[in-house]
*Asks:* 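Got a structure for you, questions after.
Whatever order the structure lists them in is the order used to number ligands and atoms, beginning at 1. All figures in this text were calculated on a predicted structure; none of them were measured in a lab.
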Amino acid sequence: MEQTLVLIKPDGVQRGLIGEITARLERRGLKLIAAKFMQVSPELAEAHYAIHKGKPFYEGLIRYITSSPVMAMIWEGPEAIAAVRQTMGATKPTEAAPGSVRHDFALEVGRNLTHASDSPETAFQEISLWFKPEEIISWERSTDPWLFGKN
Ligand code: IDP
Ligand code: MG
């Protein structure tokens with residue numbers, strides 16, 4: 001079963017979209033296994049976005065993610081990484097598929113509401129950067145066999 005880090009960025013929190021975005025992940029069948037509402041420090045922001053250091057949008061990205069609280073979560077499910085990125089939509093909202101979060105609620109790449117891990121390697125790194133092991137809850141959900149069952 002895959003796990004993936006999801007952030008509702010400051011624009012999503014400020015615009016009151018925590019419920020809307022998490023509802024889409026829940027209703028798809030993904031399982032929440034960790035969550036915390038937090039103010040991101042510059043150190044955490046720089047570690048999280050290290051791969052983008054040197055790009056023209058990097059400084060603005062660090063300012064954006066540290067500007068106001070975020071909702072950090074880990075979601076679990078079969079192919080959770082691809083599923084969550086599909087639910088969020090392409091990085092640039094005007095290229096995001098209709099029905100995706102970024103299509104339905106955003107216009108600008110610099111205000112695209114969410115982060116989601118993009119591979120098993122980055123998911124592993126990001127989960128260990130954002131969460132301590134004891135903050136992650138492995139739990140049985142009564143609907144799991146109806147959502148995760150294979151025939
Ligand atoms: P992703 O969030 O879809 O994985 P990445 O390419 O990893 O997209 O970029 C990380 C974040 O950096 C984006 O979600 C967006 O907030 C920001 N970003 C990416 N490209 C640009 C840009 O051209 N201008 C402003 N911000 C950008
Ligand atoms: Mg990315």
*Asks:* Between Glu76 and Thr4, does the side chain to side chain contact (heavy atoms under 4.5 Å, CB included) criterion hold? Intermediate values first, please.
*Replies:* CA-CA 7 Å; Glu76 184 177 76; Thr4 186; over 6 Å; no

*Asks:* Using a 4.0 Å cut-off to any heavy atom of His52, which atoms of ligand 1 qualify?
*Replies:* 5 (P), 6 (O), 7 (O), 9 (O), 10 (C)

*Asks:* Out of curiosity, Ser119 OG to Glu2 CD, how far, rounded to the nearest 0.5 Å?
*Replies:* 9.5 Å

*Asks:* List the closest protein heavy-atom neighbour of atom 2 (O) of ligand 1: residue, atom name, distance to the nearest 0.1 Å.
*Replies:* Arg102 NH2, 3.2 Å

*Asks:* Working to the nearest 0.5 Å, report the span between CD of Glu95 and NE2 of His103.
*Replies:* 12.0 Å

*Asks:* Compute whether any side-chain donor of one residue and acceptor of the other, for Asn112 and Lys92, lie under 3.5 angstrom apart.
*Replies:* no

*Asks:* Specify the protein heavy atom at minimum distance from atom 3 (O) of ligand 1: its residue, its atom name, and the distance to 0.1 Å.
*Replies:* Thr91 OG1, 2.5 Å

*Asks:* Do the side chains of Glu59 and Arg63 get close enough for a salt bridge, i.e. N-O under 4.0 angstrom?
*Replies:* no

*Asks:* Would you mind telling me if ligand 1 is within reach of the side chain of Glu108, the backbone, both or neither, using heavy atoms under 4.0 Å?
*Replies:* neither

*Asks:* Please determine whether any non-hydrogen atom of His48 lies less than 4.0 Å from an atom of ligand 1.
*Replies:* no

*Asks:* Ignoring hydrogens, just give me the one of Ile62, Leu61, Asn112, Leu113 whose non-hydrogen atom is nearest atom 13 (C) of ligand 1.
*Replies:* Asn112

*Asks:* Quick check with a 6.0 Å cut-off and a 45 degree axis cone: is Lys36 positioned over the face of Phe131's six-membered ring?
*Replies:* yes

*Asks:* Just to be sure I'm reading this right: ignoring hydrogens, which of Thr122, Leu7, Val109, Ile51 gets closest to atom 22 (C) of ligand 1? Compare them by their nearest heavy atoms.
*Replies:* Val109

*Asks:* Considering only protein heavy atoms, which is closest to atom 23 (O) of ligand 1, and at what distance to one decimal place?
*Replies:* Phe57 CD2, 3.8 Å

*Asks:* May I ask which of Arg85, His115, Lys9 has a heavy atom nearer to atom 4 (O) of ligand 1 than the others do?
*Replies:* Arg85

*Asks:* Before you tell me yes or no, could you show the steps for Gln3 and Glu126 under side chain to side chain contact (heavy atoms under 4.5 Å, CB included), namely the whole-Å CA-CA distance, both residues' side-chain angles and the distance that decides it to 0.1 Å?
*Replies:* CA-CA 10 Å; Gln3 299 178 347; Glu126 291 174 358; over 6 Å; no

